[in-house]
Protein chains: 2
Amino acid sequence: MTKRGGDDEKAFLSSYRPKDYARPAVAVDLVVLTILDAKLRVLLIKRQDHPFKGAWALPGGFVRVAEGQKEQGEDLDAAASRELAEETGLTADRVFLEQLYTFGRAGRDPRMRVISVAHYALVRPDLAPLVRAGGDAAHAEWVLAEGLHKLELAFDHRDIVEKALERIRGKLEYSNIAFDLVPTTFTIPELRSVHAIVLGKEMDPGNFRRRFNRMLEDGVLEKAPGKRITTSKPATVYRFRPGRAA
Amino acid sequence: MTKRGGDDEKAFLSSYRPKDYARPAVAVDLVVLTILDAKLRVLLIKRQDHPFKGAWALPGGFVRVAEGQKEQGEDLDAAASRELAEETGLTADRVFLEQLYTFGRAGRDPRMRVISVAHYALVRPDLAPLVRAGGDAAHAEWVLAEGLHKLELAFDHRDIVEKALERIRGKLEYSNIAFDLVPTTFTIPELRSVHAIVLGKEMDPGNFRRRFNRMLEDGVLEKAPGKRITTSKPATVYRFRPGRAA
DNA sequence: TAAATAGTGTCTATGAGACATTATGTA
DNA sequence: TACATAATGTCTCATAGACACTATTTA
């Protein structure tokens, strides 16, 4: 077995020339989700140019690639974070961001072969209003997820959104992503409403509370100061423990 | 809103010239899994060339891309099926094949920027011996999954295999993928051993049988003719109903 | 008939679902 | 004090886990 990084391999690499095969363009597209006014919403951009001029599209852009062997450009998740920052002003450390699926059907972009590594992001509602429509993101809007079928979406972006919604609905049951769709402090009823909004059905208050209390006992959550302004009994406010589990 | 495919857009497309940005090469890599001799195994290929000469690598290859607007090459899943057929002789209709995750870290291939859309495949053990080491797959071998940490794997292929193992362990619990790791007819103890092998822990025979019987009642499975040659009481043989649920 | 494995039954703990009831803060 | 909603409690049912026991086929 030849040792990795040996002289032999170094020689090979320095004389290596990539063959002149056709390459696809590779993009990252982002399904940025939030809950605003008790509705699940997707950040979409109205296209100003062809193709699909006037249709809604996901924010995204091409992955930066360099031709060198040492310098090869940015990682995929770096590209996703960068696009998120560029198009929303939100830094990735404040937002849940995860790779979703890669869409590469031939012909999905009429201009040329484009393979899109789709990601999805969850923006807490207290950050959502901060999204500044800057750069490419002029004409960005939080569009109702439930109203998407009426809209014209560019490329295969409808499939991508659908996949993202499937993913979060599935993950909501067994993971902690609900906490990324709620302000940093939250009440049990607020969290319960996230489930209701995403899954489209009400959870039983008592049963939901029971699950929640198990998490409390496990130390994932803790009480937080402050209270909500209500017209009746205000609910207890909670937050995450500093070093929480994902 | 401009109508999709209007004259305006046609004119745009015919005059469209892709900008001369650097593009990555895009590959599909395959984690082909089977169970042989009661062990989970991965199909690996010993690399004959630099880089990573002599190390084990996943089968895979570049996605075929065309430069045209109408003709853009093959779909990602088509590329995965094609690679599977080329490197194993197995046609995709006999094998469970699914996209896994996309690996695109800069520098993961020392030659140039390569983004790999990883897939995983489950081969039923009765098909596994048919894998013919043809084409690129000369020097292909069914390597023990549990012994992988001792081996030198090329590129980031260890991460890819790890991701595939995580995925099937997770899916084993809530999906029917176990049936793709067992011959077309099978007994309850055989199916139970798949769980034991993949998850690394024995399931209780009685409890497993209970779950299995629920599937029987749901009509997903049915009794099949034939019996196993054993030294004691042979188990009942089952198979899928023709139009089974995934 | 003995050995080995298939197959059945049972007890308990846990969690989900449905729903009734009590507690508490606000107007 | 009335109202609204938070918070608690209870009953039932489905399922997982642990484990004892019976049945059947082969050598």
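Everything numeric here is computed off the predicted structure, so don't read it as measured data.
The side chain of Pro234(A) sits closest to dG25(C) out of dG25(C), dT26(D), dG7(C). Among the nucleotides dA6(C), dA6(D), dA16(C), the one closest to any side-chain atom of Arg209(B) is dA6(C). Nearest to the side chain of Lys233(A), among dG7(C), dA23(C), dG15(C), sits dA23(C).
What separates CZ of Arg214(B) from C1' of dA14(D) is a distance of 8 Å, to the nearest Å. Here dG17(D) presents its P atom at 13 Å from CZ of Arg192(B), a figure rounded to the nearest Å. Atom pair Phe186(A):CZ and dA6(D):P shows a separation of 15 Å (rounding to whole Å applied). For the pair Ile188(A) CD1 and dA7(D) C1', the interatomic distance rounds to 8 Å; values are reported in whole Å. dT8(D) atom P lies 10 Å from atom CG of Leu216(A), rounded to whole Å. Following rounding to the nearest Å, Ile229(A) (CD1) and dA27(C) (P) show an atom-to-atom distance of 10 Å. Distance Arg228(A) CZ to dT26(C) P: 14 Å, rounded to the nearest Å. The distance from atom CD of Glu202(A) to atom C1' of dG17(C) is 15 Å, rounded to the nearest whole Å.
Across the interface with DNA chain C, nearest-nucleotide mapping of Ala235(B) and Arg211(A) shows Ala235(B) to be the residue nearer the 5′ end. Nearer the 5' end of DNA chain D, as judged by each residue's closest nucleotide, is the contact made by Asp204(A), out of Arg210(B) and Asp204(A). Toward the 5′ end of DNA chain C lies the nearest nucleotide of Asn207(A), the other residue of the pair Lys227(A) and Asn207(A) mapping further downstream.
Within a 6.0 Å radius of CZ in Arg228(A), more than 12 heavy atoms belonging to other residues, nucleotides or ligands are found.
Arg210(B) and Asn207(B) share a side-chain donor-acceptor pair at under 3.5 Å.
Residue-level contact check: Thr187(B) touches neither bases nor backbone, having no heavy atom under 4.0 Å from any strand. Here Pro205(A) lies out of heavy-atom contact (under 4.0 Å) with every strand.
The aromatic rings of Tyr120(B) and Phe96(B) sit tilted, their planes meeting at an angle between 30° and 60°.
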> Are Tyr238(B) and Phe212(B) close enough, and set up right, to give a ring-ring contact (aromatic ring centres under 6.0 Å, His included), and what steps lead you there?
Replying inline: CA-CA 11 Å; Tyr238(B) 297 88; Phe212(B) 188 93; 5.0 Å; yes
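Thr236(B) has a side-chain polar atom (N or O) that falls below the 4.0 Å cut-off from OP1 or OP2 of dG7(C). When the side-chain nitrogen and oxygen atoms of Ser232(B) are compared with OP1 and OP2 of dA27(D), none of them lie within a distance under 4.0 Å.
For the side-chain contact (heavy atoms from CB on, under 4.5 Å) test with Leu165(A), the passing option among Ile160(A), Leu33(A), Val31(A) is Leu33(A); the others fail.
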